[in-house]
K.L.:
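Before we start, here is the structure in question, set down as structure tokens.
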Amino acid sequence: MKMNICIAGLGNVGSHLVNSIKKNNEFFKNKTSISFNITGVSAKDFKKKRIFDISEYQWFDNPLDLINENRCNVLIELIGNEKGISFELVKKSLEKKIHVITANKALLAKHGFELFEIAEKNNVLLLFEAAVAGGIPIIKTLKNNIFLDNIKKISGILNGTTNYILSTMQQENMDFEQVLNIAIDKGYTSASEAELDIGGFDSAHKLTLLASLAFGSNIDFENNYITGISNISILDIMNSDKLGYKIKLISEAYLSNKKIYCVTEPKLVKKDKPLANVDGVLNAVDIESDHLKSLFLEGEGAGGRATASSIISDLYEISSNSNIKSLGYRIKNLKNYNKFNIDDIESSYYLRFITKDVTGVLSKITSSFKDSFISVEKILQIPDNNNKKNVIPIIITTHKIKKTKLLQAIKQIEDQEFILEKISIIPIHNN
Ligand code: HSE
């Protein structure tokens, strides 16, 4: 069997994909009797230096011509725009009954519902293993393997750039801006796209897709609460370290009282937990189901070669005439869950107060806590001899409390004249 493939977008992922198909075609054929045949490619710049010889492939200036003029069974979209040409190309391909594979999480998180509906109507697949956690086969795990498990919760580290920044800040005792510049130099993110990563949006796009697969919820990006990592100070990382935690950008989704909880935010994670030990650009996902206490998958969350592996697994799924749906569910069976109210979320918190070193500070802080029924778990007050005189950091961890109650107390405390800096508030991950 021969499968004709067109590829739109030849960046790092697209180039590794072309390379791998060329190098491994015989190997694929021997294993599966399928031959992958690249019948057309399109990208921004024909002349760009690439890791493969572009002249071996039929070139199209306009990606839409890949599906207009070319025999194509599968269109692979690697352009990566949130809408625009990516949306148009995917939509038109599906309407022409061409299967689509994409790595574009922003496109699917924002417009997936419409696109999956078109795919279903036209009886073709829209597959996206490469869109979430690079080379980790998390989509097929949820959709093909444990689809009939009752999933309780998904927690993960879904963005390599932010994980690299937080890990490096901790390991090298460097501040956020310094490490962000190194991440840009290393090509993990770019100055123009950094906000997508460090703002937590890329993780939230991926969480939107995971939540839909795990809970059968409609794909709705608006369900997310998102906090990025740019306010995480090296002081908080070092204090967390002393308390036995690392700070990680955690994305978590679950259902509670028929409401959906999808939150991406920096959290303190106990050092003995697997998620705390996922360092550098790696990603990981921890799934809890009625059968599995913890299914932990860790691996390369980005990069050309790893992500190409996910695309090839989607090609294999299409070639197997899989009757599994793109999302596992029929579109009409997806449910609209109400969004969880962030004020109802209960968590323990890490708090850092920078205060004047004068009599009565602690009692005033704890008195505000008492008024809001906040119970203190630990207090750390270690004078820093290099620091300014009469200034002291006070680190407090709390027992579980509703966010509204915490903010009520914080508001009272931050109005006090002994508070010298904005109070740092970071939730503590509970598993
Ligand atoms: N910018 C993403 C990351 C790439 O850093 O993880 C893969 O989605």
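Keep in mind the model is a prediction, meaning the values are calculated, not measured. Values below: every heavy atom of this structure, side chains too, minus hydrogens, waters and symmetry copies. Counting convention: from 1, in listed order, for ligands and their atoms alike.
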K.L.:
Could you tell me whether some N/O pair between T161 and ligand 1 is separated by less than 3.5 angstrom?
P.N.:
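The answer is yes, given that T161 and ligand 1 share an N or O pair closer than 3.5 Å.
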
K.L.:
For F87, enumerate each residue passing the ring pair (Phe, Tyr, Trp, His ring centres under 6.0 Å) test, keeping only those at least two apart in sequence or located in another chain.
P.N.:
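Listed in chain order: H111.
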
K.L.:
Determine whether the side chain, the backbone, both or neither of D202 has a heavy atom under 4.0 Å from any heavy atom of ligand 1.
P.N.:
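The side chain, only.
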
K.L.:
May I ask you to check whether F128 and F116 place their ring centres under 6.0 Å from each other?
P.N.:
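Centroid distance F116-F128: below 6.0 Å, so yes.
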
K.L.:
Could K259 and Y337 be counted as a cation-pi pair, given that NZ or CZ must be under 6.0 Å from the ring centre and within 45° of the axis?
P.N.:
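Not satisfied by the 6.0 Å and 45° rule.
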
K.L.:
Taking 4.0 angstrom as the limit and counting only heavy atoms of N159, give me the atoms of ligand 1 inside it, by number and element.
P.N.:
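Answer for ligand 1: 1 (N), 2 (C), 3 (C), 5 (O), 6 (O).
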
K.L.:
Any chance you could lay out the side-chain hydrogen bond (donor to acceptor under 3.5 Å, both in side chains) test for D149 and S289, step after step, and finish with the verdict?
P.N.:
CA-CA 6 Å; D149 270 33; S289 80; 2.7 Å; yes

K.L.:
List every atom of ligand 1 that sits less than 4.0 Å from any heavy atom of G301, numbering the atoms from 1 in the order shown and giving each element.
P.N.:
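Listed by number with element, the hits are 7 (C).
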
K.L.:
Output the list of atoms in ligand 1 that are nearer than 4.0 Å to some heavy atom of G160, sorted by atom number.
P.N.:
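Counting atoms of ligand 1 from 1, those under 4.0 Å from G160 are 3 (C), 5 (O), 6 (O).
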
K.L.:
Do F28 and F36 have ring centroids that are under 6.0 Å from one another?
P.N.:
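Judged by ring-centre distance (under 6.0 Å), F36 and F28 do meet the cut-off.
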
K.L.:
Heavy-atom contacts with K105 under 4.0 Å: which atoms of ligand 1 show up? List them by number with element.
P.N.:
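Ligand 1 atoms under the 4.0 Å threshold to K105: 7 (C), 8 (O).
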
K.L.:
Identify, by atom number and element, the atoms of ligand 1 in contact range of D197, meaning under 4.0 Å from any of its heavy atoms.
P.N.:
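Listed by number with element: 1 (N), 2 (C), 3 (C), 5 (O).
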
K.L.:
Under 3.5 Å, N or O to N or O, is Y188 touching ligand 1 that way?
P.N.:
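Min N/O separation from ligand 1 is not below 3.5 Å for Y188.
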
K.L.:
Once rounded to the nearest 0.5 Å, what's the spacing between atom CG of L243 and atom NZ of K270?
P.N.:
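Spacing of CG (L243) from NZ (K270) equals 8.0 Å.
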
K.L.:
Can you list the atoms of ligand 1 that are under 4.0 Å from a heavy atom of A302?
P.N.:
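Counting from 1, the qualifying ligand atoms are 4 (C), 7 (C).
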
K.L.:
Does a side-chain N-to-carboxylate-O contact under 4.0 Å join K29 and E26?
P.N.:
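Yes, charged N to carboxylate O under 4.0 Å.
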
